[in-house]
Amino acid sequence: MKDCLPPMMMKKRPARVLSVQASDNQLLPADAARFMIFFLTAIFFSLLSFAQQDANYLKVITERSAKIINTLGVQDSTHYNQALQAIVLQYAAINEIHEEAKAATQQAKANSTDTAALRVQLQAIELKKKNLLAAKHQSYLQQLHAVLTPAQVEQVKDGMTYKVFPNTYAAYLDMIQQLTAVQKAKIYDWLKEAREEAMDAESSDKKHAVFGKYKGRINNYLSAEGYDLKKETEAWQQRLKAKTK
């Protein structure tokens with residue numbers, strides 16, 4: 001099933017650079033350098049807790065966030081700026097939480113000689129990381145909902161997870177066209193749950209791994225429902241090839 005699904009990574013497209021402020025609160029095209037300088041300066045003061053992160057990393061996550069927000073059609077410049085800053089800060093927070101957990105794990109392993117005690121320590125580190133990510137996830141969504149529409153928030157979530165959720169859901173529907181309404185709902189809910197978890201993963205590989213875990217669950221469910229996934233996959237691939245001829 002893994003190989004039959006469409007590629008998860010979106011093709012990289014140049015971000016549409018927008019100005020920070022324009023007349024009547026409308027966004028207009030502007031010079032990329034001025035755009036980046038403004039946001040690097042504005043966000044710097046909000047990132048004091050992330051002082052260990054260098055300017056290159058901040059530039060990367062700002063550009064990544066801009067690519068997401070520029071697809072939403074946000075016309076209010078204040079909401080645009082607030083949403084962009086929220087996304088940048090979320091990327092930075094996720095990175096810091098994971099890096100601190102990694103450092104704590106390494107230190108625990110280096111200092112421990114008791115296997116049982118180490119296991120307890122590692123479980124505590126993992127639980128702390130999970131709780132911090134969950135709290136940050138909720139506050140982040142609240143910030144987005146304060147300045148974006150529900151549909152735009154959904155787009156942000158998809159942007160942060162390479163559109164794996166909608167692409168994979170569409171692939172399942174196209175591959176097994178006789179799915180029932182109940183089966184479709186289960187697949188949809190699992191992939192949506194996967195997206196929430198993947199948003200908090202620290203890298204592209206880890207985000208895709210989250211979806212891989214949920215796709216395994218979906219495949220097991222479909223097999224239990226009586227579908228021969230190997231046959232369904234082969235038939236689907238034949239249909240796709242026929243469309244390209």
Peer 1: Got Val74 and Leu84 here, is their nearest side-chain heavy-atom distance under 4.5 Å?
Peer 2: no

Peer 1: If every non-hydrogen atom of Phe211 is compared with every non-hydrogen atom of Leu191, which pair is closest and at what distance?
Peer 2: CE2-O, 3.8 Å

Peer 1: Please report the shortest heavy-atom distance between Leu144 and Ala83, naming the atom on each side.
Peer 2: CD2-O, 4.3 Å

Peer 1: Can we say Arg195 and Glu154 salt-bridge, meaning some charged N sits less than 4.0 Å from an Asp/Glu carboxylate O?
Peer 2: yes

Peer 1: Would you please test Gln107 and Asn111 for side chain to side chain contact (heavy atoms under 4.5 Å, CB included) and show each step?
Peer 2: CA-CA 6 Å; Gln107 184 176 9; Asn111 297 337; 3.3 Å; yes

Peer 1: Which heavy atom in Tyr91 sits nearest to a heavy atom in Ser65, and how many Å separate them?
Peer 2: CD1-OG, 3.5 Å

Peer 1: Under the side chain to side chain donor-acceptor pair (under 3.5 Å) criterion, do Asn219 and Tyr227 qualify, and how do the steps go?
Peer 2: CA-CA 9 Å; Asn219 292 347; Tyr227 293 103; over 6 Å; no

Peer 1: Do any N or O atoms from the side chain of His208 and from the backbone of Ser204 form a donor-acceptor pair under 3.5 angstrom?
Peer 2: yes

Peer 1: Return the CD1 to CG distance between Ile176 and Asp228, rounded to the nearest 0.5 Å.
Peer 2: 9.5 Å

Peer 1: So, for Pro150 and His145, which heavy atoms are closest and what is the spacing to 0.1 Å?
Peer 2: CA-CE1, 4.3 Å

Peer 1: Salt-bridge test for Lys157 and Glu196: reply yes if a basic N is under 4.0 Å from a carboxylate O, no otherwise.
Peer 2: yes

Peer 1: Verify the cluster assignment for Leu132 and Ile125: are they in a single hydrophobic cluster under the rule of side-chain heavy atoms below 4.5 Å apart?
Peer 2: no

Peer 1: Do Tyr140 and Leu89 pass the side chain to side chain contact (heavy atoms under 4.5 Å, CB included) test, and can you show the C-alpha distance, the side-chain angles, and the key distance before you say yes or no?
Peer 2: CA-CA 9 Å; Tyr140 170 58; Leu89 291 173; over 6 Å; no

Peer 1: Looking only at side chains, do Gln178 and Glu232 share a donor and an acceptor under 3.5 Å apart?
Peer 2: yes

Peer 1: Indicate yes or no for a side-chain donor-acceptor contact from Thr180 to the backbone of Gln183 under 3.5 Å, with no hydrogens or angles considered.
Peer 2: yes

Peer 1: Taking C-beta and beyond as the side chain, do Glu202 and Glu99 meet within less than 4.5 Å on heavy atoms?
Peer 2: no

Peer 1: Answer with yes or no whether the side chains of Asp174 and Tyr169 bring together a donor and an acceptor at under 3.5 Å.
Peer 2: no

Peer 1: Where does the angle between the aromatic ring planes of Tyr221 and Trp190 fall among parallel (under 30°), tilted (30 to 60°) and perpendicular (over 60°)?
Peer 2: perpendicular

Peer 1: Do Arg64 and Met160 pass the side chain to side chain contact (heavy atoms under 4.5 Å, CB included) test, and can you show the C-alpha distance, the side-chain angles, and the key distance before you say yes or no?
Peer 2: CA-CA 9 Å; Arg64 185 186 305 165; Met160 293 184 72; over 6 Å; no

Peer 1: Is the shortest heavy-atom distance from the side chain of Tyr214 to the side chain of Val210 under 4.5 Å?
Peer 2: yes

Peer 1: Without swapping roles, check the side chain of Arg239 against the backbone of Glu234 for a donor-acceptor pair under 3.5 Å.
Peer 2: no

Peer 1: Please report the C-alpha distance between Glu197 and Lys207 in whole Å, then the side-chain angles of each, then the deciding distance to 0.1 Å, and finally whether the salt bridge (charged side-chain N to carboxylate O under 4.0 Å, His left out) criterion is met.
Peer 2: CA-CA 8 Å; Glu197 184 177 334; Lys207 291 177 189 293; over 6 Å; no

Peer 1: Do the non-hydrogen side-chain atoms of Gln90 and Met199 ever get within less than 4.5 Å of each other?
Peer 2: no

Peer 1: Is the Lys NZ or Arg CZ of Lys192 less than 6.0 Å from the centre of Phe165's six-membered ring, within 45° of the axis?
Peer 2: no

Peer 1: Identify whether Val88 and Leu141 are in the same connected component of the hydrophobic contact network (ILVMFWY, side-chain heavy atoms under 4.5 Å).
Peer 2: yes

Peer 1: Transitively linked via ILVMFWY side-chain contacts under 4.5 Å: Ile218 with Leu173?
Peer 2: yes

Peer 1: Applying side chain to side chain contact (heavy atoms under 4.5 Å, CB included) to Tyr80 and Val147, what does each step give before you reach the verdict?
Peer 2: CA-CA 8 Å; Tyr80 176 95; Val147 295; over 6 Å; no

Peer 1: Tell me, do Leu222 and Tyr172 make a side-chain contact under 4.5 Å, heavy atoms counted?
Peer 2: yes

Peer 1: Assigning hydrophobic clusters by single linkage (Ile, Leu, Val, Met, Phe, Trp, Tyr; side-chain heavy-atom cutoff under 4.5 Å), is Leu118 placed with Val120?
Peer 2: no

Peer 1: Quick one: pull up CD in Gln121 and CG in Asp114 and give me the separation to the nearest 0.5 Å.
Peer 2: 9.5 Å

Peer 1: Taking Asp200's backbone N and O only, do any of them form a donor-acceptor pair with His98's side chain (distance below 3.5 Å, no angle check)?
Peer 2: yes

Peer 1: Any chance you could measure Ser203, atom OG, to Asn95, atom CG, to the nearest 0.5 Å?
Peer 2: 10.5 Å

Peer 1: Decide whether Leu240 and Leu179 are clustered together by the hydrophobic rule: side chain heavy atoms of Ile, Leu, Val, Met, Phe, Trp, Tyr closer than 4.5 Å, transitively.
Peer 2: yes

Peer 1: Whether the Gln82 and Gln143 side chains hold a donor-acceptor pair (N or O, under 3.5 Å, no angle test) is what I'd like checked.
Peer 2: no

Peer 1: Restricting to non-hydrogen atoms, name the atom on Ile68 and the atom on Val156 that form the minimum distance, rounded to 0.1 Å.
Peer 2: CG2-CA, 3.9 Å

Peer 1: Which atoms form the tightest heavy-atom contact between Lys109 and Leu122, and what is the distance?
Peer 2: CE-CD1, 4.1 Å

Peer 1: Does the side chain of Tyr162 pick up a donor-acceptor pair with the side chain of Asn167 at under 3.5 Å?
Peer 2: no

Peer 1: To the nearest 0.5 angstrom, please state how far the CD atom of Glu126 sits from the OG1 atom of Thr105.
Peer 2: 7.5 Å

Peer 1: Quick check for you: to the nearest 0.5 Å, what is the distance between Lys215 atom NZ and Asn220 atom CG?
Peer 2: 13.5 Å

Peer 1: Can you find a pair of side-chain heavy atoms, one from Leu133 and one from His137, that are under 4.5 Å apart?
Peer 2: no

